[in-house]
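Computed from a prediction, not measured in an experiment: that's the story for all the values here. No hydrogens, no waters, no symmetry mates; every other heavy atom, side chains included, goes into these values. Below, chains carry the letters A, B, ... as their sequence lines are ordered, and counting in each starts from 1.
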Protein chains: 2
Amino acid sequence: MSRPITPLGLTVLRMLCGGPMHPYEMQQRIRDHAYDHAVKITHGALYHTVERLAASGLIEPMETSREGRRPERTVYAVTAAGRDTAHMRMSDLLAKPAEEFPLLGTALAFVNLLPETEALVQLRAREVALESLLAAHQTAHEALLKRGLARHKLLDQEWTITRVRGELEFVRGLAGDLEAGRLTWEDDDSVTACHPDHERDEPVAEETTRP
Amino acid sequence: MSRPITPLGLTVLRMLCGGPMHPYEMQQRIRDHAYDHAVKITHGALYHTVERLAASGLIEPMETSREGRRPERTVYAVTAAGRDTAHMRMSDLLAKPAEEFPLLGTALAFVNLLPETEALVQLRAREVALESLLAAHQTAHEALLKRGLARHKLLDQEWTITRVRGELEFVRGLAGDLEAGRLTWEDDDSVTACHPDHERDEPVAEETTRP
DNA sequence: GTTGGATTAGTCTGAGTGGACTAATCCAAC
DNA sequence: GTTGGATTAGTCCACTCAGACTAATCCAAC
């Protein structure tokens, strides 16, 4: 109880704000609305999340119906507490930038594990992948706009496109610098790290401003 | 066994590429190198990760020393397999953009749970937060550069700065559009979702291009 | 008409994580 | 000199999640 609602939890609440529903129906609607581009949904997690929300009184089982001899379906509805919680969590998510740890950051932190030439190859590969990703997202976005979908339903897609574009530019810059020799590390003494008999890296040490 | 090395796992391998070490020392060095800005490190996870890596033969315990009557310290070293794995994982991380689910995306997907005025307030709050975050990162970055730290050790910080700047611009744009009325949702019939007796949202449906 | 693939609906398990807890030692201030 | 807070070092548990598994039903093609 009381730890912040997970993205999937918020999604369930959001779905139930559209009327009572059983978990499987949520999953379908989530796919229909393409919410699964903004939130990681897996089958197992969904049911578990629903259970948790029910346990903390944010949603309530209404009835358990059954069609033929298929497994029982439990239909849930949001409670008032659920609405409030969703509301608060939304405000929080919007207002407070969270510390996140994108994988590219991790990779960049340890990039000197690879020789420069190899890093360059991999970065160029990423560039290509990002280009086609960007194109795909843009095409999809335009298609939906032309279909007359309201903009507010596509904000997450706008954000994704912006992010991918930003990453692409960054990666291009890096690859360019590497290629032009404006960025190097193999001549750095402290980077014998991949081989035995290394010298220790000098630490970054006393950060004056930890944000 | 055999599922991809986690960021923390890679970090451990990276540390041990700098010579044998016990977990606690890793933690310190990680902090010294500010790697904890790029990878989420918690105390508990570290020991667990070390155990896992040892179990799959990527690292090996060397000796268990003890100073005074303090708990035993087990010193680990990378194996050849460990080096190879780290190398491959690095290539992968660099080359393949991963599907990630930043919280802002989630928030934007459900933004119509809030009334426009409130969304605007929260977005403005985020703007302020992002501004000071950006300033802090930039100050830290410049300080380290002036100290003569090689650029390749600050790439993850460069990336963070780029990301935050991108987010700031995006959020500013959104807030501006909201304020100017170029972005609205309260007049949208399908968004009675927060109240009982709703009309269902129309689905996004058949996406032609799923990237 | 029956074989087999998609859909409907849900359970179970193992892996990974965060935070709380233990416990000894060092050092600085009172 | 002793009290208390930081540091050193590590264990443990509860929570969460992803993916594998179950199992019934529908429908289309052969």
Approximate separation, where rounding is to 0.5 Å, of A:Leu108 CG and B:Leu94 CG: 6.5 Å

Integer-rounded Å distance: C:dT11 C1' and A:Tyr24 OH: 15 Å

Just the rounded figure in Å: distance from C1' of D:dA18 to CZ of B:Phe101. 12 Å

Contiguous Watson-Crick or G-U pair runs (3 or more, under 3.5 Å) in DNA chain C: C:1-30 with D:1-30

Can you check the A:Leu46 CG to D:dT16 P distance for me, whole Å? 15 Å

Find the distance A:Ile30:CD1 to C:dA9:P and express it as a whole number of Å. 14 Å

Applying salt bridge (Lys or Arg N to Asp or Glu O under 4.0 Å) to B:Glu158 and B:Arg151, what does each step give before you reach the verdict? CA-CA 9 Å; B:Glu158 276 185 33; B:Arg151 182 180 167 204; 2.8 Å; yes

Value in whole Å for how far the C1' atom of D:dA18 lies from CD of B:Glu100: 17 Å

Kindly say if B:Tyr47 contacts the phosphate of D:dG10, meaning a side-chain N or O under 4.0 Å from OP1 or OP2. yes

Would you mind checking if B:Lys40 and A:Glu99 are paired as a salt bridge, meaning a charged N to carboxylate O distance below 4.0 Å? no

Restricting to nitrogen or oxygen on both sides, can you table the protein-nucleotides 16-19 of chain C pairs closer than 3.5 Å?
from   : atom 1 : to      : atom 2 : distance (Å)
C:dG16 : OP1    : B:Arg52 : NH1    : 3.4
C:dG16 : OP2    : B:Arg52 : NE     : 3.2
C:dT17 : OP2    : B:Arg52 : NH2    : 3.1
C:dG18 : OP2    : B:Thr42 : OG1    : 2.8

Table please: side-chain donor-acceptor pairs of residues 167-175 of chain B below 3.5 Å, with sequence neighbours left out.
from     : atom 1 : to       : atom 2 : distance (Å)
B:Glu167 : OE2    : B:Arg126 : NE     : 2.7
B:Glu167 : OE2    : B:Arg126 : NH2    : 2.9
B:Arg172 : NE     : B:Glu127 : OE2    : 3.3
B:Arg172 : NH2    : B:Glu131 : OE2    : 2.7

Evaluate the side-chain hydrogen bond (donor to acceptor under 3.5 Å, both in side chains) criterion for residues B:Arg52 and B:Thr49: first the C-alpha distance (whole Å), next the side-chain angles of each, then the deciding distance (0.1 Å), finally the verdict. CA-CA 5 Å; B:Arg52 256 184 298 138; B:Thr49 300; 3.1 Å; yes

Euclidean distance, atom CD of residue B:Glu99 to atom P of D:dC17 [Å, nearest integer]: 17 Å

Does A:Glu142 pair with A:Lys146 as a salt bridge, N-O distance under 4.0 Å? no

B:Glu60 side chain vs B:Thr79 backbone, donor-acceptor pair below 3.5 Å: no

side-chain contact (heavy atoms from CB on, under 4.5 Å) partner of B:Met26, chosen from B:Ile41, B:Val50, B:Thr11: B:Val50

Provide, to the nearest angstrom, the distance between the CD atom belonging to A:Glu51 and the P atom belonging to C:dA9. 18 Å

Which part of the nucleic acid does A:Gln27 contact within heavy-atom distance under 4.0 Å: base, sugar-phosphate only, or nothing? nothing

CG/B:Asp92 to NE2/B:His87 distance, rounded to the nearest 0.5 angstrom? 12.0 Å

Separation of atom CZ in A:Arg29 from atom P in C:dT7, rounded to whole Å: 17 Å

